[in-house]
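What you see is a predicted model, and the numbers here were worked out from it, not measured in a lab. Values below: every heavy atom of this structure, side chains too, minus hydrogens, waters and symmetry copies.
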Amino acid sequence: MKTFAEMHRFLYIYNGIIVMLYAAFFYVTQKKIAAFGVAHEFLLHGVPTLPLPAAHNFFVVLFAFALIIIFSRLYTDETLSEPWQYLLIFLEINACVLVMHSINMAYDGIILLVVADLMRRYEGRHQEYILLFSMIGLYLVANYNLTMFNFAVVPFENHIFYYAPKVQTVLLGLRDFFASLNIVFFVIAMMLLVKSNHEEKERIRQLNDALHNANRRLAAYANEASRTGELRERNRLAREIHDTLGHTLTGLVAGLDAVIMTLDTAPDFAKKQLVKLRQTAQNGIGEVRQSVNKLRPDALSKLPFRYALAKTCADFADNSGMIITFDVANWPENLRQDEEDTIYRIIQESLTNANRHGRAKHVGITIGVIENYLHIIIADDGTGCEAITPGFGLTHMRERLAILGGTLEFRSVNGFVIKATLPTRDSDTP
């Protein structure tokens with residue numbers, strides 16, 4: 001047998017054959033006793049009770065053993081809840097007792113079959129107590145003196161007394177052989193079960209190790225991809241600067257040199273040249289703006305600023321598991337593109353820090369305009385920090401706001417709080 005499942009099936013076949021042999025033995029013996037007219041002598045030979053009809057017992061054994069098979073099949077269904085499992089254990093034990101009683105307690109090896117079923121689904125927790133109580137109960141039922149008192153069965157020895165001494169010796173030897181062989185098969189089944197559980201644990205451990213290594217490689221690949229992306233972005237920015245600012249400034253320098261040389265000798269030409277240089281500078285500004293627009297977050301280029309901000313917060317909440325509340329007291333009007341970009345990046349960086357460093361569960365974002373100043377407060381319930389040392393993120397926020405005339409404050413109180421302040425403009429301010 002290679003697996004516990006195969007050995008388990010073999011145990012059922014073996015015990016089924018043995019039980020049927022015992023049932024057939026009692027059936028044949030009782031028929032012979034009745035046929036030869038020695039029933040009176042049989043009853044006088046220490047029989048504690050009248051035996052049940054032989055045919056009746058034979059069919060009861062068939063029925064009870066079939067129930068054990070059905071309950072065993074149902075018990076191994078992993079979708080069953082614990083109450084149903086306990087009920088099936090109880091029913092299988094009762095079917096086991098019925099089988100043993102029907103063969104006059106001559107064979108108790110079927111108990112090991114029930115124990116094998118219990119061990120197959122053993123998962124610890126409360127089941128060690130169920131297993132212990134079940135084994136104790138089955139042992140007490142199988143105990144000869146106890147069963148004689150409670151069930152008043154006709155012992156196996158009383159039946160073999162009908163046969164010749166040599167036959168009696170053979171029958172007793174077969175009974176012991178069947179019981180011993182069943183114990184050997186049970187021990188083999190338990191060894192295979194332990195081996196199977198060990199191999200399953202080892203397989204799970206190997207899968208966990210493989211998953212850990214895959215995660216580590218994936219993290220390394222992500223870092224490498226991030227560095228590659230940064231390098232590509234730097235190269236793209238370098239090309240943009242070279243192609244726009246470099247070209248425009250080079251042309252302006254050359255044109256200004258020509259103006260300086262002709263300003264005294266050909267003032268009309270110098271004026272025309274200055275007009276061309278002004279147009280060149282304006283074209284260069286337009287190209288720079290186009291390049292800057294390409295650097296905008298994708299959400300800002302596709303949605304109005306307010307909706308882009310709300311979508312970014314919702315997406316971050318879905319991905320991180322944080323709860324993000326967004327409260328707008330009054331929304332600022334006529335924000336410039338650079339102001340929108342700054343606000344967007346501040347909120348984005350704050351959410352990232354709250355999740356990565358603070359391990360926050362909830363982040364509240366409040367936006368409102370008070371006395372010509374836009375106030376943005378981002379507060380989380382993370383771990384915070386005792387000594388705040390501004391890193392690249394906080395420093396970059398402060399620099400962005402300073403360019404626009406704003407300020408940045410932060411503190412750690414039951415989490416981390418960031419307050420950004422930005423001056424607003426009138427609707428007619430360019």
* How far apart are the C-alpha atoms of V363 and I323, what are their side-chain angles, what is the distance that settles it, and do they pass the side-chain contact (heavy atoms from CB on, under 4.5 Å) test? -> CA-CA 6 Å; V363 178; I323 299 174; over 6 Å; no

* Say you draw a straight line from CD of Q206 to CD of E199; how long is it, rounded to the nearest 0.5 Å? -> 10.5 Å

* Structure fact -> Closest heavy-atom pair, F416 versus L394, reported as atoms and distance to 0.1 Å, is CZ-CD1, 4.4 Å

* Structure fact -> Rounded to the nearest 0.5 angstrom, the CD1-CD distance for I378 and Q348 is 12.0 Å

* Can you spot which of T342, T312, I367 makes a side-chain contact (heavy atoms from CB on, under 4.5 Å) with I347? => I367

* To do: Keeping to residues at least two apart or across chains, list the side chain to side chain donor-acceptor pair (under 3.5 Å) pairs with something in residues 163-173.
  => T29-Y163

* Asked: Once you round to the nearest 0.5 Å, how far does CD1 of I346 lie from OH of Y344?
  -> 13.5 Å

* Go through the steps for V194 and F4 under the test side-chain contact (heavy atoms from CB on, under 4.5 Å), then give the verdict. => CA-CA 9 Å; V194 171; F4 171 76; over 6 Å; no

* Would you indicate whether N215, at its atom CG, is surrounded by more than 12 heavy atoms from other residues, nucleotides or ligands within a distance under 6.0 Å? => yes

* Asked: Does E200 have any side-chain contact (heavy atoms from CB on, under 4.5 Å) partners at least two apart in sequence or in another chain, and if so, which?
  -> R203, I204

* Asked: Listed by chain and number, what are the side-chain hydrogen bond (donor to acceptor under 3.5 Å, both in side chains) partners of N213, not counting sequence neighbours?
  -> R216

* To do: Only counting residues at least two apart or in another chain, list the ones meeting salt bridge (Lys or Arg N to Asp or Glu O under 4.0 Å) with R175.
  => E157

* Interatomic spacing from CZ in F71 to CG in N94 - rounded to 0.5 Å -> 9.0 Å

* In sequence, state the C-alpha distance, the side-chain angles, and the governing distance for I103 and F25, and then conclude on side-chain contact (heavy atoms from CB on, under 4.5 Å). => CA-CA 9 Å; I103 58 175; F25 166 76; over 6 Å; no

* **Flag, side chain of D380 to backbone of G415, donor-acceptor distance under 3.5 Å** => no

* Structure fact -> Between the CG atom in L74 and the CD1 atom in I69, the distance rounded to the nearest 0.5 Å is 12.0 Å

* Structure fact -> Heavy-atom closest pair (S72 atom, H8 atom, distance to 0.1 Å) is OG-CE1, 3.8 Å

* Please assess F186 against V115 for the test side-chain contact (heavy atoms from CB on, under 4.5 Å), listing each intermediate value before the final yes or no. => CA-CA 9 Å; F186 174 77; V115 172; 3.8 Å; yes

* Asked: Taking all non-hydrogen atoms of both residues, which atom of R336 and which atom of E339 are closest, and how far apart?
  -> N-OE1, 2.9 Å

* **Side chain proximity check, F65 to I110, heavy atoms < 4.5 angstrom** => yes

* Asked: Which atom pair, heavy atoms only, marks the closest approach of M397 to S350?
  -> CE-OG, 3.7 Å

* Asked: Which residues pass the side-chain contact (heavy atoms from CB on, under 4.5 Å) test with V369, sequence neighbours left out?
  -> N330, P332, L374, T424

* Asked: Less than 4.5 Å apart, any side-chain heavy atom of I365 and any of T325?
  -> no

* Output all residues satisfying side-chain contact (heavy atoms from CB on, under 4.5 Å) with R359, sequence neighbours left out; order by chain, then residue number. => none

* Applying salt bridge (Lys or Arg N to Asp or Glu O under 4.0 Å), name anything that partners D209, two or more places apart in sequence or on another chain. => R205

* For R398, check side-chain hydrogen bond (donor to acceptor under 3.5 Å, both in side chains) against everything at least two apart and list the hits. => none

* Asked: Looking just at side-chain N and O atoms, do N15 and N182 make a donor-acceptor pair shorter than 3.5 Å?
  -> yes

* Asked: Is there a side-chain contact between L422 and I376, using heavy atoms and a 4.5 Å cut-off?
  -> no

* Asked: Looking at side-chain heavy atoms only, is the closest gap between I418 and L408 below 4.5 Å?
  -> yes

* To do: Can you run down the ring pair (Phe, Tyr, Trp, His ring centres under 6.0 Å) pairs that involve residues 362-382, sequence neighbours left out, and say none if there aren't any?
  => none

* Residue pair I68 / A95: nearest heavy atoms and the distance that separates them -> CG1-CB, 3.6 Å

* To do: Please name the pair of heavy atoms, one in T3 and one in L192, separated by the smallest distance, quoted to 0.1 Å.
  => O-CD1, 3.6 Å

* Would you call V61 and F26 a side-chain contact if the rule is heavy atoms closer than 4.5 Å? -> no

* To do: Find the distance between CG (L67) and SG (C96) and round it off to the nearest 0.5 Å.
  => 12.0 Å

* Asked: Are any of the side-chain heavy atoms of M100 and V19 separated by less than 4.5 Å?
  -> no

* Asked: With T395, which residues qualify under side-chain contact (heavy atoms from CB on, under 4.5 Å), at least two apart?
  -> P390, E399

* With sequence neighbours excluded, what pairs up with F185 under the ring-ring contact (aromatic ring centres under 6.0 Å, His included) test? -> F10, Y14

* Report yes if some heavy atom in the side chain of N414 is under 4.5 Å from a heavy atom in the side chain of D381; otherwise report no. => no

* Structure fact -> Sorted by chain and number, sequence neighbours left out, ring-ring contact (aromatic ring centres under 6.0 Å, His included) with Y107 holds for Y22

